[in-house]
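Following: one structure in structure tokens, then a few remarks.
Only heavy atoms go into these numbers, but all of them, side chains included; no hydrogens, no water, no symmetry mates. All ligand and atom numbering here is 1-based and tracks the order in the structure.
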Amino acid sequence: MVEHKAQPGWVAVEEYLSTAVVLPDAALQHAVQSAVDAGMPPIEVAPNAGKLLKMLVQMSGARRVLEIGTLAGFSAIWMAEGLPDDGRLITCEYLPEHAKVARANVDMAGIGHKVDIRIGPALATLAALAEDPAQEQPFDFVFIDADKENDSNYLNWAIRLGRPGTVIVMDNVIWEGAILDTSMDEVNAPGIVGALEMMGKDPRIDATAIQTVGSKGWDGFAIARVV
Ligand code: SAH
Ligand code: DHB
Ligand code: MG
């Protein structure tokens, strides 16, 4: 695992942007604190990235969102806040204790009726979703943010469960630069590189990737569009 190290200036700027521009509501702030209180690692997306997810959900007109990796529900709340009232977000989480905290957080945020938390290994949940006749509609938007080893498997599922125009966002695609030196993290970095290579080569998608700095260190995200 790479150590995510943040420079003080990056954190100060992120805090300024959160306060001046992003304006996370009380429920979002509570979700971050609840994760700390429950002893979860502080690996939720930064507030400015969460707001970007919400705005991408809105701008793409998404009604059905799939998330892989729930943690305490911080990114799920952002995305669900961007959905219409009859929109739906399915989020995959394999730790029941994370799902329990996330359930309380999405309910407290007033968007719980849009959120369905599926407990179990995401690959099993995704295979079940593909077979479920009640899920005949494709997902409009997918956020991939779980075990990086499986990033290319999740990308493949996102494409399969999507349709032309589906937007796919993948977190953590820079990983402190370990994508150029996979000896820094031989578990996760090869998984990320595999997904980035697929983003460039797979004819089913078109993609870009953006590197970021902030409280979560040096990292970034990729955005793909199913063609
Ligand atoms: N998207 C969240 C952060 C997710 S952290 C946010 O920004 O708020 C990654 C989460 O994925 C953790 O809660 C972890 O338990 C979960 N996870 C890891 N591997 C998984 C797997 N194979 N299946 C389902 N969930 C997994
Ligand atoms: C880790 C996972 C994440 O999804 C993230 O955004 C940052 C760190 C991790 O497993 O260390
Ligand atoms: Mg992440």
### Query
Do Glu44 and Lys216 sit within salt-bridge range, that is, some charged N less than 4.0 Å from a carboxylate O?
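So Glu44 pairs with Lys216 through a salt bridge.
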### Query
Between Arg63 and Asp86, is there a salt bridge with N-O shorter than 4.0 Å?
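Arg63 and Asp86: salt-bridged.
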### Query
Between the main-chain N or O of Lys5 and the side-chain N or O of Glu3, is there a donor-acceptor pair closer than 3.5 Å?
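Pair absent, no side-chain N/O of Glu3 close to backbone of Lys5.
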### Task
State whether the side chain of Asp185 and the backbone N or O of Asn188 hold a donor-acceptor pair below 3.5 Å, judged by distance alone.
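Present.
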Quick one: look up the protein heavy atom nearest [atom] and list residue, atom name and how far away it is.
{"atom": "atom 8 (C) of ligand 2", "value": "Ile43 CG2, 3.3 Å"}
{"atom": "atom 11 (O) of ligand 2", "value": "Met1 SD, 3.5 Å"}
{"atom": "atom 11 (O) of ligand 1", "value": "Gly69 CA, 3.4 Å"}
{"atom": "atom 13 (O) of ligand 1", "value": "Glu93 OE1, 2.6 Å"}
{"atom": "atom 23 (N) of ligand 1", "value": "Ala122 N, 2.8 Å"}
{"atom": "atom 5 (S) of ligand 1", "value": "Ile43 CD1, 3.6 Å"}
{"atom": "atom 8 (O) of ligand 1", "value": "Ser75 N, 3.1 Å"}
{"atom": "atom 3 (C) of ligand 1", "value": "Asp145 OD2, 3.3 Å"}
{"atom": "atom 7 (O) of ligand 1", "value": "Val45 N, 2.9 Å"}
{"atom": "atom 3 (C) of ligand 2", "value": "Asn172 OD1, 3.2 Å"}

Does an N or O anywhere in [X] fall below 3.5 Å from an N or O of ligand 1?
{"X": "Gly73", "value": "no"}
{"X": "Ala146", "value": "no"}
{"X": "Asp147", "value": "yes"}
{"X": "Phe143", "value": "no"}
{"X": "Pro121", "value": "no"}
{"X": "Asn150", "value": "no"}

### Query
Are His4 and Trp218 near enough that their ring centres are under 6.0 Å apart?
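Distance test on ring centres: not under 6.0 Å, no.
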At a non-hydrogen distance cut-off of under 4.0 Å, which region of [X] contacts ligand 2 (side chain, backbone, both, or neither)?
{"X": "Trp175", "answer": "side chain"}
{"X": "Asp171", "answer": "side chain"}
{"X": "Lys148", "answer": "side chain"}
{"X": "Lys216", "answer": "neither"}

### Task
Starting at CD of Gln7, measure out to OG of Ser215 and round the result to the nearest 0.5 Å.
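That separation rounds to 13.0 Å.
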### Message
If I take atom CH2 from residue Trp78 and atom CG from residue Leu56, how far apart are they, to the nearest 0.5 angstrom?
### Response
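Between Trp78 CH2 and Leu56 CG, I get 12.5 Å after rounding to 0.5 Å.
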Looking at every non-hydrogen atom in both residues, tell me the closest pair between [X] and [Y] and how far apart they are.
{"X": "Ser60", "Y": "Phe141", "value": "OG-CD1, 4.0 Å"}
{"X": "Val22", "Y": "Pro47", "value": "CG1-O, 3.4 Å"}
{"X": "Arg103", "Y": "Gly112", "value": "NH2-O, 2.9 Å"}

### Message
Judged on heavy-atom distance to atom 25 (N) of ligand 1, which of Trp78, Phe74, Tyr94 sits nearest?
### Response
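Residue with the shortest heavy-atom distance to the ligand atom: Tyr94.
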### Heavy-atom neighbours of Met184 CE exceed 12 at 6.0 Å
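Atom CE in Met184 is crowded, with more than 12 foreign heavy atoms closer than 6.0 Å.
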### Message
With a sphere of 6.0 Å drawn around CZ of Arg160, does it hold more than 12 non-hydrogen atoms of other residues, nucleotides or ligands?
### Response
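No, the 6.0 Å shell around CZ holds no more than 12 heavy atoms from other groups.
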### Partners meeting ring-ring contact (aromatic ring centres under 6.0 Å, His included) with Trp157 (sequence neighbours left out)
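With sequence neighbours excluded, Trp157 shows a ring-ring contact (aromatic ring centres under 6.0 Å, His included) to no residue whatsoever.
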### Task
Examine ligand 1 and decide if any of its atoms is less than 4.0 Å from a heavy atom belonging to Met40.
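Met40: no contact with ligand 1 (<4.0 Å).
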### Message
Tell me whether Gly120 reaches ligand 1 (any heavy atom closer than 4.0 angstrom to a ligand atom).
### Response
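Right, Gly120 reaches ligand 1.
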### Task
Go through ligand 1 atom by atom and flag the ones less than 4.0 Å from a non-hydrogen atom of Glu44.
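Here the atoms of ligand 1 in question are 6 (C), 7 (O), 8 (O).
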### Task
State, yes or no, whether a side-chain contact exists between Leu89 and Asp116 at a heavy-atom distance under 4.5 Å.
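Result no, sub-4.5 Å side-chain heavy-atom pair not found.
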### Query
Does Asp171 approach ligand 1 within less than 4.0 angstrom via side chain, backbone, both or neither, non-hydrogen atoms only?
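Neither part.
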### Query
Does one side chain, of Asp147 or Tyr154, offer a donor that lies under 3.5 Å from an acceptor on the other?
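Looking only at side-chain atoms, Tyr154 and Asp147 do form a donor-acceptor pair, the distance falling under 3.5 Å.
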### Query
What N, O or S atom of Asp171 is found closest to the Mg ion (ligand 3)?
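Of the nitrogen, oxygen and sulfur atoms in Asp171, the Mg ion (ligand 3) lies nearest to OD2.
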### Message
Quick check on the Mg ion (ligand 3): does Asp145 put an N/O/S atom closer than 2.8 Å to it?
### Response
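So Asp145 does bind the Mg ion (ligand 3) by this criterion.
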